[in-house]
Amino acid sequence: MADDNPPTPLPPRVQAKPKSKISASRKLSLKILLLQRAMEELEQETVNRDEEKVKYLSEKLTPLQITGLSMDELQKLCRQFNSKIDVVDEERYDFEAKVNKNNKDIQELKLKVQDLGGKFKKPALRKVRVSADEMMRALLGSKHKGSMDLRANLKSVKKEDIKQEKVMSSEVGDWRKNVEAMSGMEGRKKMFDAAGGGQ
């Protein structure tokens, strides 16, 4: 009977990264050439932008002819300029409002994308050594009084007390006597009475 299942493909072999055919010095020289070319194009772009700006301003701003005008004509010209300034200022305000609204929308969409992805950028935190007093002062401000010196609250122990505790612990005696005394029903009755059950 012929096998109807096609043969399973073999897993692809891990290919080693091929060595670069360009030497390190050649790469460096190419990078330098690319940077020089980018700088030249950037300078050319700024020159073109300045030329376009001058051309646009020369088209929009014709030179003023105010010599030989009467007082009424000058006032009329000032009113025209004032009305044009108002129109331009309104347009500028509208554009600023649109830009601010778009920036807020972009920020909200970025937050939504982060929420959907479940990946949050953790800020880089650095370790700071702060004493307990400084931390409490930072949290509570001027309300914090007193020190957090924990060693000041510790009980002082004299060497004589330590020696007395050692002597008392050595006087406990043989543990087998205690086990024999507590064995059987009498021992259980003593434990029951000691626990306060026989009241």
Could you walk me through whether Gln44 and Asn48 satisfy the side chain to side chain donor-acceptor pair (under 3.5 Å) test, starting with their C-alpha distance in whole Å, then the side-chain angles of each, then the deciding distance to 0.1 Å, before giving a yes or no? CA-CA 6 Å; Gln44 185 63 35; Asn48 290 343; 3.2 Å; yes

Please test Gln114 against Leu111 for side-chain contact (heavy atoms from CB on, under 4.5 Å), starting from the C-alpha separation and ending with a verdict. CA-CA 5 Å; Gln114 281 184 350; Leu111 290 174; 4.0 Å; yes

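Proximity of Lys110 to Val113: side-chain heavy atoms (C-beta onward) are nowhere separated by under 4.5 Å. Contact of the Asp89 side chain with the Arg92 side chain is registered, since non-hydrogen atoms from C-beta on lie closer than 4.5 Å.
Linking ILVMFWY side-chain heavy atoms closer than 4.5 Å, directly or via other members, places Ile22 and Leu28 in two distinct hydrophobic clusters.
Taking OH of Tyr56 as the start and CG of Leu61 as the end, the distance is 8.5 Å to the nearest 0.5 Å. If you take CG on Asn82 and CG on Leu77, they are separated by 11.5 Å, rounding to the nearest 0.5 Å. Here the straight-line distance linking atom OG1 of Thr46 with atom CD of Glu51 works out to 10.0 Å at 0.5 Å rounding.
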Atom pairs and distances, donor-acceptor, side-chain atoms in residues 97-107, under 3.5 Å, two or more places apart:
unit_1: Asn100; atom_1: ND2; unit_2: Glu96; atom_2: O; d: 3.4
unit_1: Lys101; atom_1: NZ; unit_2: Asp105; atom_2: OD2; d: 3.3
unit_1: Asn102; atom_1: ND2; unit_2: Lys98; atom_2: O; d: 3.3
unit_1: Asn103; atom_1: ND2; unit_2: Val99; atom_2: O; d: 3.4

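Here Glu41 pairs with Arg37 in a salt bridge; the nearest charged N to carboxylate O distance falls below 4.0 Å. Under the 4.0 Å criterion applied to side-chain N and carboxylate O atoms, Glu45 and Arg49 are assigned as salt-bridge partners. Asp50 has no carboxylate O lying under 4.0 Å from a charged side-chain N of Lys53, or vice versa, which leaves the two without a salt bridge.
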